[in-house]
Amino acid sequence: MDEQRQQPQPNNASDTDPFLLNYTTSDLRTASEFLATWLPFLSRDLCTRCTQSLSDRIRSIDPGVDPQNDNPNEENCDNCDAHSLGSWKDGAEPNSTAEAPIARVSWADMAQEDDEFGEEEHENNNNNNNNNNSNNGGSVVAGDSNAGADVAKVVAEKPTLPREQREYIRFMNVRREKDFICFERVHGKLVNILEGLELHTGIFSAAEQRRIVSYVASLQEQGKKGELKDRTFSAPQKWMRGKGRQTIQFGCCYNYAVDRDGNPPGILQHAMVDPIPDLFKVIIRRLIRWHVLPPTCVPDSCIVNIYEEGDCIPPHIDNHDFVRPFCTVSFLSECNIVFGSNLEILGPGEFDGLIAIPLPVGSVLVLNGNGADVAKHCVPAVPTKRISITFRRMKVSKRPFGYVPESDLQGIQPLAYEVDQEKKSSGHRPSRHTKRYKDRRGGGRNDAMGSATRNDRFSEPRDSNLSSPRSTNRWSRVKPGS
């Protein structure tokens, strides 16, 4: 009976494809889940029929899933370039993959490398905290009861490729946009107010983002229970729209406005906050190693912003108690950050400015130059929950009294890369462009983003004169949410 039930399922690719026969059932299931997660990206330029075909192909990899609408003989859609460079159909002929590569990386290893924080936490804590309880692997973060198990799982199975090689592969696939352009007249001169901005995507995997978000949730709970130092956690009562953003500060306490004691905005040198947690140090090391921030500007403080629906950040320029550049990382949901030398407050959480830049989930926005010091920036009321972490380096003269530098944040060196080899392999393919950005709340605004191609990922921003000024394109004053 069992044999009769299994006979009608020969269409599953894992049962017949010679390439998939080289892999275990566990590897194939992991591969199917892995690719299914990436399906929105993989099918971005495909039509509906090709997207369904790709989805069916991915589903058929899992031996435990019955294939649906899987017809390998179906003709390609004329609207999709099924044989272009990088197409998922490249080399898909049954005989083209008969020879297995010499060094094969299993799908389980690829899924494992998706979260390398556990390994790095484990290694650094073993080096710096040998007296820690061995039961938590030296990598359990406060309030995270599952961290020990996660780390044990991560370091228990050694991948085929060394971690350094896997890190380099991920590093070389980071996308970096550096040529943001938006001209505005400032003091009588046309100025690119976005000069110095950089947007890095691909720095954190989905698994690493989940780890970070989970840890922030545990810190938030600790703050509510009074388990963090006095000025670390702040949860103002939300008495009106846009006023409920919670913050968690590490390394120093920043005073946003003149307080009841008369202290001006800036770093409060006498205030006590908790030191930077180990997990956030792992993030900082990656930001330096992966060329997001320079090694001369290693962050020694950070602030976590926890937004609920309707929360915002009003227009401001970051205090010069912090040196430039600094950066902010976005989690949970995409939102817009608005720039302009003059930003107008229209109402609670509603702002009018010249340009809006979308911040994808997991992206890192670096602020420097005019983007940090000429243009103000703000985050309008968010439509759903969002978390951001801003990493900054304090001026030496502004550091809290008794400050001691973190020993494990010293001497971080960026990864080396072959610029010439990168240029030879990709050639010169400029894709500088501008586009009109439609605000999802109803306001039309300009979005000037130059998308860096593979050959200029590590280049300096190009001369802004290469692109035509757009100072006359000001977005309409339509209130968000209207």
Side-chain angles (χ1 to χ4, degrees), residues 174-184 186-187 189-203 251-252 254 266-267 283-303 305 313 315-330 336-341 343 353-360 362-379 388-398 409 412-415 432 447-452 456-467:
V174 170
R175 188 168 184 81
R176 307 171 193 270
E177 299 175 4
K178 297 184 176 183
D179 49 357
F180 292 93
I181 298 175
C182 179
F183 283 88
E184 188 174 5
V186 180
H187 302 305
K189 296 181 179 180
L190 275 180
V191 176
N192 178 16
I193 62 171
L194 301 185
E195 177 272 327
L197 289 188
E198 299 179 9
L199 185 65
H200 302 250
T201 53
I203 300 292
C252 72
Y254 177 71
I267 296 175
I283 298 175
I284 291 173
R285 284 192 287 270
R286 178 169 293 182
L287 295 175
I288 302 300
R289 286 177 56 81
W290 289 23
H291 296 251
V292 177
L293 292 174
T296 55
C297 196
V298 179
D300 50 18
S301 68
C302 68
I303 179 168
N305 291 287
I313 288 184
H316 68 284
I317 290 177
D318 280 53
N319 195 285
H320 282 81
D321 285 1
F322 302 99
V323 300
R324 273 58 169 159
F326 57 93
C327 71
T328 185
V329 192
S330 299
N336 298 323
I337 184 169
V338 180
F339 286 88
S341 61
L343 296 179
L354 184 62
I355 194 81
I357 297 176
L359 299 179
S363 65
V364 184
L365 180 69
V366 178
L367 292 92
N368 199 9
N370 292 344
D373 296 327
V374 174
K376 294 181 180 180
H377 60 273
C378 64
V379 176
S388 71
I389 307 178
T390 299
F391 293 93
R392 299 181 287 200
R393 182 175 181 85
M394 298 176 279
K395 282 187 176 179
V396 174
S397 61
K398 298 296 184 179
L409 291 180
I412 308 173
Q413 294 300 319
L415 291 173
R432 175 181 296 276
D447 182 30
M449 297 177 61
S451 179
D456 61 7
R457 281 174 183 163
F458 305 101
S459 64
E460 294 299 319
R462 298 192 182 99
D463 187 349
S464 61
N465 292 329
L466 294 176
S467 202

>> Against Val364, only a single residue in Leu359, Val174, Ile283, Leu287 fulfils side-chain contact (heavy atoms from CB on, under 4.5 Å); can you say which?
In response: Leu287
>> Holding to side-chain contact (heavy atoms from CB on, under 4.5 Å), I want the full list of residues that pass it with Asp300, two or more places apart in sequence or in another chain.
In response: Arg393, Met394, Arg399, Tyr403
> Taking only residues two or more places apart in sequence or in another chain, which ones pass ring-ring contact (aromatic ring centres under 6.0 Å, His included) with His200?
Replying inline: none
> Atom CG in Leu199, atom SG in Cys327: separation rounded to 0.5 Å?
Replying inline: 11.5 Å
>> Measuring from atom CG of Asp179 to atom CG of Leu197, what distance do you get when rounded to the nearest 0.5 angstrom?
In response: 11.0 Å
> So how far is it from His377 NE2 to Ile193 CD1, rounded to the nearest 0.5 Å?
Replying inline: 12.5 Å
>> Do Tyr254 and Phe322 make a side-chain contact, defined as non-hydrogen atoms from C-beta onward lying under 4.5 Å apart?
In response: yes
> How would you list, by chain and number, every residue that makes a side-chain contact (heavy atoms from CB on, under 4.5 Å) with Asn305, sequence neighbours excluded?
Replying inline: Arg245, Thr247, Tyr256, Ile303, Tyr307, Ile313, Ser388, Thr390
> Where do Ile317 and Ala375 come nearest, in terms of heavy atoms and distance?
Replying inline: CG1-O, 3.7 Å
> Is there a side-chain contact (heavy atoms from CB on, under 4.5 Å) between Asp318 and Leu367 once you walk through the steps?
Replying inline: CA-CA 10 Å; Asp318 280 53; Leu367 292 92; 5.6 Å; no
>> Let me confirm one number: the CD1-CG distance from Ile267 to Asp321, rounded to the nearest 0.5 Å.
In response: 4.5 Å
>> Can a donor-acceptor pair be found, under 3.5 Å and without considering hydrogens, that links the side chain of Arg285 to the backbone of Ile412?
In response: no
> Considering all heavy atoms of both residues, which atom of Phe391 and which atom of Phe326 are nearest to each other, and what is their separation?
Replying inline: O-CB, 3.4 Å
>> Using 0.5 Å steps for rounding, measure from the CG atom of Leu365 to the CD atom of Glu177.
In response: 10.5 Å
> Which pair of non-hydrogen atoms, one from Gly362 and one from Val329, has the smallest distance, and what is that distance?
Replying inline: O-CG1, 4.4 Å
>> Using side-chain heavy atoms (C-beta onward) and a distance below 4.5 Å, is Arg176 in contact with Val292?
In response: yes
>> Please enumerate all residues that pass ring-ring contact (aromatic ring centres under 6.0 Å, His included) together with His320, with sequence neighbours excluded.
In response: none
>> For Cys252 versus Ser301, what's the shortest heavy-atom pair and its separation?
In response: SG-CB, 3.8 Å
> Is a donor on one side and an acceptor on the other found under 3.5 Å between the side chain of His291 and the backbone of Leu415?
Replying inline: yes
> Where do Pro299 and Ile288 come nearest, in terms of heavy atoms and distance?
Replying inline: CD-CD1, 4.3 Å
>> Has Asn370 got a side-chain atom pairing as donor or acceptor with Glu195's backbone, closer than 3.5 angstrom?
In response: no
> With sequence neighbours left out, what residues match Arg324 under side chain to side chain donor-acceptor pair (under 3.5 Å)?
Replying inline: Asp373
>> Could you measure the distance from the CD1 atom of Ile284 to the CG atom of Leu293? Nearest 0.5 Å is fine.
In response: 9.0 Å
> Does the Glu184 side chain pair with the main chain of Leu354, one donor and one acceptor, at a distance under 3.5 Å?
Replying inline: no
>> Please enumerate all residues that pass side chain to side chain donor-acceptor pair (under 3.5 Å) together with Ser363, with sequence neighbours excluded.
In response: none
> Side-chain contact, heavy-atom cut-off 4.5 Å: Leu194 with Ile357?
Replying inline: yes
